[in-house]
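The chains referred to below are lettered A, B, ... by the order of the sequence lines, with proteins before strands, and numbering in each begins at 1.
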Amino acid sequence: MNRTSTLYHDRRHRRWNERSRTFISAILALILLASIGIGSWLLGSSGLSVQLENRNLAPSFLHLFGTDWLGRDMLSRTVKGLWLSIRVGLLGAACSVIIAAAMGLMAATLGQTADRIISWLIDVFLSVPHLVMLILIAFVCGGGLKGIAIGIMLTHWPSLARIIRAEALQLMSTDYVLVARKLGSSRFTIAMRHLAPHLLPQLLVGLLVLFPHAVLHEAAITFLGLGMSPHQPAIGIILSESMRYLSTGMWWLAVFPGLGLLLTVRAFDKLGNHLRQLVDPRHTHL
Amino acid sequence: MQLEGRALSWRYGNGPWLFQNYSITIQPGEVVGLIGPSGCGKTTLGRLLAGYSKPLTGEVKVPGRARNHTGYDPVQLIFQHPERAVNPRWRMAKTLTEGWSPDTELLESLGIKEEWLQRYPNELSGGELQRCCIARALGPNTQFLIADEMTTMLDAVTQAQIWHTVLHHASVRQIGLLVISHDHALVSRICTRTLTFG
């Protein structure tokens with residue numbers, strides 16, 4: 001009996017291999033992203049206006065996620081907040097990946113002095129907690145959307161840069177790169193034509209793993225009140241404001257935006273992890 | 001205008017010395033054989049002469065090599081394992097033209113077929129890849145060629161064909177050749193001078 005159930009389990013496990021699981025999570029993540037984007041565009045800004053006659057309504061068919069203490073539709077706010085967070089996160093993560101790629105390639109190709117400086121820089125950035133650094137940079141840049149985006153860009157690259165550097169250094173010692181040097185290729189040519197194509201899968205995985213990180217950090221810093229202005233419907237602001245009303249029983253103010261954030265982050269985190277296992281069976285620990 | 005290694009020494013880590021104060025000179029157009037048992041440091045010597053590693057003592061003097069080792073190196077090394085000496089993501093056409101553009105005459109004399117050029121390295125055999133590596137290393141600025149077990153993986157007929165072409169180019173262009181091999185018969189057949197190593 002026991003053996004049959006194990007066999008059955010094995011067979012079911014085999015039907016969904018890593019490749020198809022990655023594919024399914026990619027489709028789900030894309031559907032989520034598209035529905036948030038299109039939803040934010042379709043909903044318009046009417047739901048964001050203050051309607052005092054509709055204050056504090058519980059979820060109903062008219063207002064699926066309920067309304068807040070100013071009568072604003074929570075569905076509109078949640079979707080628009082998520083879309084804003086996703087855009088900031090995507091921008092921050094993409095720029096982080098570009099910085100990481102440039103740093104890793106420079107460390108590997110520009111010689112030992114450059115490698116030491118960049119490794120030191122990576123260690124310095126990693127030794128300070130992400131969030132503290134992010135708050136500091138966002139504050140220096142004057143807060144707001146720009147401050148957060150720059151903060152995320154400048155704080156998320158070191159862990160990926162370290163992986164890219166190690167991979168690039170390994171590639172630099174392969175015979176074909178050594179031959180390329182002897183055939184007169186410059187360091188830049190080698191970085192662009194030999195190293196970069198090999199590192200592309202790593203960078204893609206890096207982007208997908210950094211993206212949920214960036215979204216969470218954006219929400220966290222906005223929640224702490226250091227991010228965007230309260231007029232913008234950011235997920236962090238919505239959650240932070242809802243804290244005051246939770247004790248009066250208005251659970252829908254925090255539950256739906258929180259669930260939305262959780263779902264988005266989890267979807268991309270899962271996709272990133274699946275892709276990481278596909279690209280590198282030895283696991284790249286970010 | 002000779003390739004000269006003077007008082008070269010090498011060891012890996014704190015291990016025993018592979019060779020100490022070893023000196024070697026290769027004249028243009030000369031074919032020198034280097035014979036020795038496995039693990040005695042033949043390949044390492046070849047890598048030092050080609051500038052892939054810096055000798056622990058002594059120096060390698062090459063006419064026309066830039067001090068910071070940039071640009072096309074006049075000493076080219078052909079590896080024992082060609083599959084590691086080509087980028088697995090590049091088609092052969094790109095690999096062949098990395099340092100210079102070999103003419104069809106050279107490609108034909110080495111037996112490189114045109115249809116190979118559009119293939120990836122894993123679609124060619126070791127011998128086919130090695131011919132491409134040889135063509136790649138025979139650029140107009142090559143003055144010395146170090147052949148590290150270059151034809152070990154080939155059958156006798158192909159081996160003869162490739163050596164015929166390489167020796168022809170070496171004598172026409174006065175390229176100095178260092179043939180690293182286990183094969184006494186091959187070395188005694190093609191080399192003007194033989195060094196026993198180790």
Side-chain angles (χ1 to χ4, degrees), chain A residues 97 101 104-118 163-207 275-276 278-282 284, chain B residues 43 46-54 60 62 64-66 68-92 94-102 120-122 129-130 132-146 148:
Chain A
V97 168
L105 286 176
M106 278 186 339
T109 50
L110 289 184
Q112 282 194 334
T113 317
D115 184 28
R116 283 208 193 103
I117 294 172
I118 290 172
I163 291 167
I164 297 297
R165 172 187 164 270
E167 292 270 330
L169 275 177
Q170 211 176 355
L171 285 173
M172 282 301 280
S173 63
T174 55
D175 284 347
Y176 60 85
V177 173
L178 295 175
V179 170
R181 295 282 294 152
K182 291 292 157 199
L183 288 170
S185 303
S186 66
R187 294 167 197 273
F188 183 75
T189 316
I190 287 176
M192 285 299 139
R193 294 182 62 185
H194 279 290
L195 306 187
H198 276 266
L199 298 172
L200 209 61
Q202 297 281 355
L203 291 174
L204 187 70
V205 172
L207 178 71
L275 209 62
R276 185 163 69 179
L278 266 191
V279 170
D280 183 11
R282 287 167 296 150
T284 42
Chain B
T43 298
R47 290 175 73 94
L48 294 188
L49 291 175
Y52 283 80
S53 327
K54 219 172 153 247
V60 177
V62 182
R65 177 183 281 170
N68 55 359
H69 288 241
T70 52
Y72 192 96
D73 199 294
V75 183
Q76 291 292 328
L77 176 69
I78 294 172
F79 286 87
Q80 188 176 357
H81 303 290
E83 58 277 6
R84 279 196 253 151
V86 293
N87 189 334
R89 286 171 197 242
W90 284 14
R91 289 182 197 277
M92 291 320 293
K94 200 170 166 187
T95 299
L96 269 172
T97 53
E98 198 177 1
W100 69 298
S101 303
Y120 286 101
N122 63 352
L129 278 177
Q130 191 64 297
C132 295
C133 289
I134 295 167
R136 180 173 68 168
L138 280 174
N141 294 327
T142 303
Q143 291 169 24
F144 297 95
L145 200 64
I146 298 172
D148 183 7

Considering all heavy atoms, the nearest [X]-[Y] contact:
X      : Y     : answer
A:S185 : B:E98 : OG-OE2, 3.8 Å
A:R193 : B:N87 : O-ND2, 4.2 Å
A:L183 : B:Q76 : CD2-OE1, 3.8 Å

### Contact winner vs chain B - A:T189, A:T174, A:L171, A:L178, heavy-atom pairs under 4.5 Å
A:L178
### Message
Per the salt bridge (Lys or Arg N to Asp or Glu O under 4.0 Å) rule, what does the pair list look like for residues 171-188 of chain A, sequence neighbours excluded?
### Response
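Those involving residues 171-188 of chain A are A:K182-B:D73.
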Only distances under 3.5 Å count here; give the side-chain donor-acceptor pairs of residues 106-115 of chain A to other protein atoms, sequence neighbours excluded, each with its distance to 0.1 Å.
from, atom 1, to, atom 2, distance (Å)
A:T109, OG1, A:L105, O, 2.6
A:D115, OD1, A:S119, OG, 3.4
A:D115, OD1, A:R165, NE, 2.5
A:D115, OD1, A:R165, NH2, 3.4
A:D115, OD2, A:R165, NH2, 3.1

### Query
Any idea which of B:R65, B:H81, B:K94 has the most non-hydrogen atom pairs under 4.5 angstrom with chain A?
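If we count pairs closer than 4.5 Å to chain A, B:K94 comes out on top.
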### Query
Checking B:W90 against chain A: side chain, backbone, both or neither under 4.5 Å from a heavy atom?
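Looking at B:W90, just its side chain touches chain A.
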### Query
Could you state the interatomic distance from OH (A:Y176) to CZ (B:R136), rounded to the nearest 0.5 Å?
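It is 11.5 Å, given to the nearest 0.5 Å.
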